[in-house]
There are 2 protein chains.
Amino acid sequence: MVQYTNASLDASFAALSDVTRRGVLEQLGSAEASITDLAAKFNMSLTGMKKHVGVLEHAGLVTTEKIGRVRTCKIGPRRLEEEMAWIDKYRQLWAARFDELDKVVEEMKRKEKVNGRKKRK
Amino acid sequence: MVQYTNASLDASFAALSDVTRRGVLEQLGSAEASITDLAAKFNMSLTGMKKHVGVLEHAGLVTTEKIGRVRTCKIGPRRLEEEMAWIDKYRQLWAARFDELDKVVEEMKRKEKVNGRKKRK
DNA sequence: TACATACTGAACCTCATGGTTCAGTATACG
DNA sequence: CGTATACTGAACCATGAGGTTCAGTATGTA
């Protein structure tokens, strides 16, 4: 259950795939910031930064509020639970898969002495 | 420490941002598969699937080996440790940030009665 | 040898991304 | 009021993503 996650996983993993956006998230983790602040910190035009913030906001990772002239950005409602869960599930698959392989390898080890080892590097 | 992760984070989060590729990883978690197998399962041309596998391989999430005509794909060496670590760090920032806000809110609660609340909507 | 299978590469298409500049609009301030 | 600030939107550009088809090449198999 909790299977409806596909669309948001797409959006959030895509949001995380850009180093600037990960930087923005880290920045917002320590303090709120305006578009201007962020644009300056990441050496980018206001418009460019606005787009990044838009992507993060669309992924639910950032929320913004405009007060007067200033749009303030802060860390958003989503906490990457689903992303964490997906990765964790994957890691379990991985582990299971390699346990299996380990068994095969054990098997082969016992059976060898006949054959010489595969290159291990 | 472990700060050299940027490039691989870009590649792996990007790899994970596509539902087909996540599906391929899940599939390979339970069994190895050829390009043909995967293309059939995900209803896609061989060439298209080959590209997806290429992306996953480039991100270190899949390895492939061609034996005879058949290229067999299996789960690769990387276990998303860095991705997990990044997300976890982010979640801690998030938690810290909201602890802080909680304190501020507490503070405000105690100090009010004087001021009437800011609109909460 | 002949044919089918399995992949590979090039070329192409469409649409999204990451960025820019430029021209507004709205708000703050003296 | 006038000017500076802060954002916004449109337009543009180059590149890459996700997909296709088509024409190979290499390998199995009868």
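In what follows, chains carry the letters A, B, and so on, assigned in the order in which the sequence lines appear, proteins first and then strands, with residues in each chain numbered from 1. All heavy atoms count here, side chains included; hydrogens, waters and symmetry mates do not.
The base of dG19(C) sits with one of its N or O atoms less than 3.5 Å from a complementary donor or acceptor on the side chain of K51(A).
Backbone-only contact: I35(A) has heavy atoms under 4.0 Å from sugar-phosphate atoms and none from a base.
The nearest whole Å value for the distance from the CG atom in N43(A) to the C1' atom in dT20(C) is 14 Å.
Closest to the side chain of S45(A), from the set dT8(D), dT20(C), dA6(D), is dT20(C).
Judged as a salt bridge (Lys or Arg N to Asp or Glu O under 4.0 Å), and not counting sequence neighbours, the contacts of R78(B) are E82(B), E83(B). Remark: T64(B) engages E57(B), R71(B) in a side-chain hydrogen bond (donor to acceptor under 3.5 Å, both in side chains) (not counting sequence neighbours). Under the side-chain contact (heavy atoms from CB on, under 4.5 Å) criterion, R69(A) pairs with no residue, sequence neighbours left out. The side-chain hydrogen bond (donor to acceptor under 3.5 Å, both in side chains) search around E81(A) returns R79(A), not counting sequence neighbours.
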Show me, pair by pair, the donor-acceptor contacts under 3.5 angstrom made by side chains of residues 38-53 of chain A, not counting sequence neighbours?
{"from": "K41(A)", "atom 1": "NZ", "to": "Q27(A)", "atom 2": "OE1", "distance (Å)": "3.3"}
{"from": "S45(A)", "atom 1": "OG", "to": "G48(A)", "atom 2": "N", "distance (Å)": "3.0"}
{"from": "H52(A)", "atom 1": "ND1", "to": "R21(A)", "atom 2": "NH1", "distance (Å)": "3.2"}

Under a 4.0 Å heavy-atom criterion, the protein footprint on nucleotides 22-30 of chain C, written with B, S and -, is B----BS--
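Between L28(A) and L61(A) there is no side-chain heavy-atom pair separated by less than 4.5 Å.
Annotation: of the two residues near DNA chain D, V70(A) and T20(B), the 5′-most nearest-nucleotide partner is V70(A).
Phosphate contact (OP1/OP2 of dA6(D), side-chain N/O of R71(A), threshold under 4.0 Å): absent.
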